[in-house]
Each structure stands twice: as C-alpha cells, then as structure tokens.
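Working notes, structure below.
Convention: sequence-line order gives letters A, B, ...; per-chain numbering from 1. Computed over heavy atoms, backbone and side chain alike; hydrogens, waters and symmetry mates excluded.
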Number of protein chains: 2
Amino acid sequence: MAARGPYAKGLAKREEILEVALAHFAERGYDRASVREVARLAGLTQAGLLHHFSSKEELFLAVLQQRDDRLENPDEPRHTHSVGRLIEAVERNAYEPGLVRLFVSMSAESVESDGPARAFFEERYGWLRGELHADVSHRQKNGGFAPDLDPNDVASLLIAVADGLQLQWLLDPENVDMSRLLRVLWDALKRVPSPAESAELR
Amino acid sequence: MAARGPYAKGLAKREEILEVALAHFAERGYDRASVREVARLAGLTQAGLLHHFSSKEELFLAVLQQRDDRLENPDEPRHTHSVGRLIEAVERNAYEPGLVRLFVSMSAESVESDGPARAFFEERYGWLRGELHADVSHRQKNGGFAPDLDPNDVASLLIAVADGLQLQWLLDPENVDMSRLLRVLWDALKRVPSPAESAELR
DNA sequence: GTCTATATTTTGATAGAC
DNA sequence: GTCTATCAAAATATAGAC
C-alpha cells in the first residue's frame with residue numbers, strides 16, 4: 001500500500017492536502033476558499049502547501065480531477081448501462097454533500113469566467129452526453145424505449161435533471177430524493193406514445 | 001414618469017445602480033464582483049454608491065429582488081397555467097444570458113453559506129413548487145395528465161430541468177434549446193401509461 | 001448626495017533559511 | 001519539504017468635508 005522511494009512522503013502529504021482541500025472548497029466555494037486555510041487544515045503553512053501545488057488554481061483543478069470518477073465501471077459493456085450508472089452515481093452523491101456542493105458551485109462558476117473550471121465542465125458534459133446518447137439509442141433499437149424521442153434530447157434532460165436535483169437537494173436534503181426522482185423521470189420517458197398520441201402527430 | 005419630491009434624484013440613481021449592478025454581478029458572480037466597479041459603471045465612487053446601498057450584500061439582494069418577477073400574470077387564473085408560464089419564462093431567459101448567469105451562480109452560492117441568497121432561494125423554490133403542483137394536480141383531475149405520477153415529483157422534475165438546462169445553455173448556447181426541451185419533457189410526462197405498463201405495476 | 005482619504009483585513013505569491 | 005518573513009494587490013467599510 002505505502003509507496004516507496006524518495007517521493008513517498010510527498011505523495012502522502014499531497015493526498016492529505018487534496019482531502020482537506022475538497023472539504024474546504026466544498027464548504028466555501030472557490031472564491032471564498034483560501035489556500036491559507038487549506039494549509040492550516042492540512043497542518044502546514046501557506047508556503048508549505050504551495051510547494052506541492054504551486055497555485056490556488058492548480059490545487060483546485062487537482063481536487064476536481066481526483067473526484068471525477070466518470071462513472072467508470074470496466075466490468076460492464078460501455079454504452080449499454082450509462083443511465084444506470086448515472087443513477088448509481090447520483091445515489092452515491094447523496095452521501096457526500098460536500099462533493100455535490102463542490103460540483104454545483106464549480107459548474108456555476110465555470111460559466112462565469114473562462115477560468116480553469118470551464119474547459120473541465122465543457123469536456124465533461126460532452127462526454128456524458130455521448131455516453132447517455134449511445135445508451136438510449138441502443139435501447140431504442142431493441143424496442144425498450146420510446147421510439148419518438150431524440151436520444152440527444154433525452155441525454156440533455158437526464159443531465160439537466162441530475163444537476164437541478166442536486167441544487168434542490170442541497171437546499172432541502174430531507175425532502176428531495178434525487179435518485180428516486182431520476183428513476184421517475186426515466187420510467188416516464190421510456191413510455192411508448194399511446195395510439196391516440198401517435199395519431200395526434202399526423 | 002418622473003417621480004417628484006425630494007427623493008426623485010435618489011430614486012433615479014438607485015435604478016441606474018441596480019441596472020449596472022445586475023450586469024456586473026451577472027458577468028462576474030457575487031464574489032468576483034466589486035462594489036467599486038459597479039460604482040464606476042454607474043458614474044460614482046464607491047463611497048457614493050454606498051450611500052444608496054450600505055453594503056455589498058444589500059446591493060446584491062436588491063438586484064435579486066428586482067428581477068424576481070415570479071412569472072406573474074394577473075390576467076390568467078392562478079394554478080392552471082403555471083407550467084406554461086414557466087416555459088415562457090425560460091423562453092424569455094434565452095435572451096438574457098446575464099440574468100441567467102446571475103441566477104445560476106447565486107443559487108449555487110446560496111447552498112454554500114447561510115448568506116442572504118439562501119432564504120431567497122428556499123422561499124422561491126417553495127413557491128414555485130406549490131404553483132406547479134397545483135397546476136399538475138388540476139390537470140390530473142380533468143384527465144389531461146398521467147394519473148400515476150405524483151404532482152410533487154413532477155414539480156420537482158420541472159424545476160430541476162429548468163435549472164439544469166440553464167447551466168448547459170450557458171456553456172453551449174448554440175446547441176441547447178431550453179424551452180423546446182422543457183416542452184419535450186412536459187409532453188413525455190403527460191403520457192398515460194400503456195395497458196402493458198399498468199399491468200407491470202401489479 | 002457625492003467626494004476624498006483612510007483604516008482594516010485578507011489574499012496569493014515569492015525569497016531565502018534550514 | 002517546510003518554515004519565516006514579506007510583498008503587492010485587492011477589497012469592504014467608515015469618517016468627515018463640501
């Protein structure tokens with residue numbers, strides 16, 4: 001488990017810093033967070049921390065990247081369970097309010113300025129939309145999903161709901177069940193249009 | 001149009017300040033925005049502005065409240081067109097990226113700290129959820145909406161999608177059509193479950 | 001109502017000793 | 001790898017003149 005060699009200590013400290021930095025960024029958001037405070041929480045001075053991460057921005061990006069698990073699950077075939085993995089990820093998030101706060105505030109910040117977060121989130125949304133699109137369109141071919149919906153629209157809606165629910169959940173954790181609501185949406189979207197509705201489309 | 005009396009000038013300046021403050025907060029977010037810069041844009045010094053709004057927080061809240069139109073439309077019966085009004089509001093927002101940025105970043109910030117924005121958004125979400133709930137449940141009674149969905153769930157999903165789409169739209173305005181997607185969601189949610197699906201529920 | 005001037009605080013970052 | 005010391009640059013807010 002323990003890494004050996006001349007860098008063992010540095011790496012361990014790096015991990016510790018990332019851990020407390022996540023908590024601090026999550027609690028305060030990027031702007032209000034200070035490198036000094038993260039350092040203090042990690043048992044260092046500000047200058048000591050900046051030996052490991054040479055700027056606030058670098059520290060912040062490292063935190064983001066470490067927690068970006070991308071719903072990976074190498075055991076399952078890609079493209080066929082993305083929706084399920086999204087729901088599972090949302091389920092896990094319900095036990096990590098700090099992480100959710102971080103992503104909410106950072107995604108919001110990413111649209112404000114062309115800062116470090118922007119590229120990260122643009123890339124992330126593109127990737128996620130692609131995964132969900134592949135899943136939905138695969139299900140449509142097999143007849144397990146409403147054939148009249150555009151897979152791109154479905155992907156956008158799923159992502160939007162996941163994001164929007166996080167906000168509601170953070171404001172009122174007791175009364176918002178994120179993964180249940182995501183399933184409600186998914187089940188409703190699956191529905192094949194009734195004959196009457198299909199007729200209306202002509 | 002012009003107000004008379006001893007306060008006319010003060011009020012006019014107040015309006016002007018609020019206008020440029022909205023733009024500035026929208027562009028920079030609460031933290032990165034500075035009272036100095038708002039003052040400069042309004043043709044004042046910082047101290048001059050603080051005569052009208054005695055703190056940054058007070059200025060910020062005034063901006064939020066002024067732009068919170070609450071989808072009001074006194075002509076229509078309450079409770080029966082909330083969904084339509086939500087869609088219309090989203091449609092209007094597509095022409096005001098600054099306003100959308102403001103609400104996105106402020107709602108994100110509201111969950112970070114118990115600052116001034118928190119109460120505002122909690123109250124706002126509660127109100128909106130109530131409106132949508134009333135609308136959906138009214139439609140269900142008249143047979144115009146899937147009877148098996150919980151109106152509270154539907155309200156949460158609509159709000160979540162509206163919020164989440166704003167984020168995606170800000171990152172990629174060309175390729176995200178907020179109001180169209182909201183309609184896609186609404187049409188899909190309306191669908192009555194097919195007999196086969198109803199059978200599955202037993 | 002608006003200004004100038006200033007007090008106070010906080011922050012990110014660097015230099016250099018150990 | 002971590003520290004002390006320090007710089008330079010913001011920001012909010014206040015005091016008091018006009």
Taking only residues two or more places apart in sequence, or in another chain, which ones meet A:Glu19 in a salt bridge (charged side-chain N to carboxylate O under 4.0 Å, His left out)? none
If I take atom CG in residue A:Leu49 and atom C1' in nucleotide C:dT14, what distance separates them, rounded to the nearest angstrom? 15 Å
Non-neighbouring partners of A:Leu50 that pass side-chain contact (heavy atoms from CB on, under 4.5 Å), sequence neighbours left out: A:Val35, A:Gln46
Gap between atoms CD and C1', on B:Glu37 and D:dA10 respectively (whole Å): 13 Å
Could you state the atom-to-atom distance from CD of A:Glu58 to C1' of C:dT14 in whole Å? 15 Å
What residues, two or more places apart in sequence or in another chain, satisfy salt bridge (charged side-chain N to carboxylate O under 4.0 Å, His left out) together with B:Asp172? none
Its contact letters, B for base, S for sugar-phosphate only and - for none at protein heavy atoms under 4.0 Å, make nucleotides 4-10 of chain C read B-B----
It should be established whether B:His52 places a side-chain nitrogen or oxygen under 4.0 Å from OP1 or OP2 of nucleotide C:dT2. yes
Rounded distance (Å) that lies between atom C1' of D:dT2 and atom CZ of A:Arg40: 18 Å
Partner set under side-chain contact (heavy atoms from CB on, under 4.5 Å) for A:Ser54, not counting sequence neighbours: A:Glu58
Indicate yes or no: does A:Glu37 engage A:Arg28 in a salt bridge with an N to O separation below 4.0 Å. no
Do the numbers put A:Lys56 on top of the ring of A:Tyr30, so that NZ or CZ is under 6.0 Å from the six-membered ring centre and no more than 45° off the axis? yes
Please list, chain by chain and in numerical order, all residues satisfying salt bridge (charged side-chain N to carboxylate O under 4.0 Å, His left out) with B:Asp177, sequence neighbours excluded. none
Rounded to the nearest angstrom, tell me the gap between atom CD in A:Glu57 and atom P in C:dT11. 18 Å
Which nucleotide, C:dG12, D:dT2, D:dA13, lies nearest any side-chain atom of A:Leu44? D:dT2
Integer-rounded Å distance: D:dA11 C1' and B:Lys56 NZ: 8 Å
Within the structure shown, what part of the strands sits under 4.0 Å from B:Ala33 by heavy-atom distance: base, sugar-phosphate, or nothing? sugar-phosphate
Can you tell me the distance, in whole Å, between the CD atom of B:Glu16 and the P atom of C:dT2? 10 Å
NE2 of A:His51 versus C1' of D:dG1: gap in Å, rounded? 5 Å
